[in-house]
Amino acid sequence: MTLWLVGGALTLLVLALLIAPLLKPGTGATRRLDYDLEVYKDQLAELERDAARGLIGADEAKAARLEIQRRILAAANTAPAAPSARPRPALALVLALVLGLPFAGGALYLGLGRPGLPSQWA
């Protein structure tokens with residue numbers, strides 16, 4: 001009986017982990033743009049530090065700054081206006097039904113089954 005309880009608990013845990021992302025609205029595209037902009041800001045700051053220490057020449061710093069600014073503009077122009085991922089409650093419902101079938105079978109067996117009977121194949 002303990003094995004069945006552990007199996008049922010694990011099935012519920014997997015079901016919850018699979019369904020939770022399907023019910024949340026997606027923000028993947030905006031997070032990617034935010035991440036890219038953070039990286040470019042860090043690159044600009046590092047470029048300024050290197051130029052201040054004299055590790056890079058003024059012309060090279062100007063060219064690198066322009067390239068980073070071009071990348072910022074390109075990233076901002078290619079980002080979608082709305083997040084591409086959206087909640088999928090229908091898929092979550094289908095997944096819950098499919099993973100819930102073993103529970104329905106177990107409940108049916110507990111109500112109608114008789115585990116004390118000998119096997120027909122023995």
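One is the number of the first residue; the rest follow in order along the sequence.
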- [ ] Indicate yes or no: does K62 engage D59 in a salt bridge with an N to O separation below 4.0 Å.
- [x]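 Salt bridge absent between K62 and D59.
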Among Ile, Leu, Val, Met, Phe, Trp and Tyr joined by side-chain contacts under 4.5 Å, find the other residues sharing a cluster with [X] and list them by chain and number.
{"X": "L97", "value": "L93"}
{"X": "L13", "value": "L17"}
{"X": "Y109", "value": "none"}

Open item on the list: I'd like to check the side chain to side chain contact (heavy atoms under 4.5 Å, CB included) partners of V14; sequence neighbours left out, ordered by chain and number.
Closed with: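 Applying side chain to side chain contact (heavy atoms under 4.5 Å, CB included) to V14 gives L18.
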Task: Those residues that, when tested against A51, pass side chain to side chain contact (heavy atoms under 4.5 Å, CB included) (two or more places apart) - done: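 With neighbours one apart ignored, the set is I56, A61.
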Open item on the list: If you define the side chain from C-beta out and look only at heavy atoms, does anything of L44 sit under 4.5 Å from Y40?
Closed with: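 Answer no - side chains too far apart.
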Open item on the list: I'd like to check R49 versus E46 (side-chain heavy atoms, cut-off strictly below 4.5 Å). Are they in contact?
Closed with: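 In contact.
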Value rounded to 0.5 Å, distance of [atom1] in [X] from [atom2] in [Y]:
{"X": "L15", "Y": "L95", "atom1": "CG", "atom2": "CG", "answer": "6.0 Å"}
{"X": "L55", "Y": "L47", "atom1": "CG", "atom2": "CG", "answer": "11.0 Å"}
{"X": "D36", "Y": "K41", "atom1": "CG", "atom2": "NZ", "answer": "12.0 Å"}

Name every donor-acceptor pair, under 3.5 Å, that has one atom in a side chain of residues 65-75 and the other anywhere in the protein, sequence neighbours excluded.
{"from": "R65", "atom 1": "NE", "to": "E48", "atom 2": "OE2", "distance (Å)": "2.9"}
{"from": "R65", "atom 1": "NH2", "to": "E48", "atom 2": "OE2", "distance (Å)": "2.9"}
{"from": "E67", "atom 1": "OE2", "to": "R71", "atom 2": "NE", "distance (Å)": "3.3"}

Task: Heavy-atom pair of closest approach, residues A96 and I19 - done: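 In terms of heavy atoms, the two residues are closest at CB-CD1, 3.7 Å.
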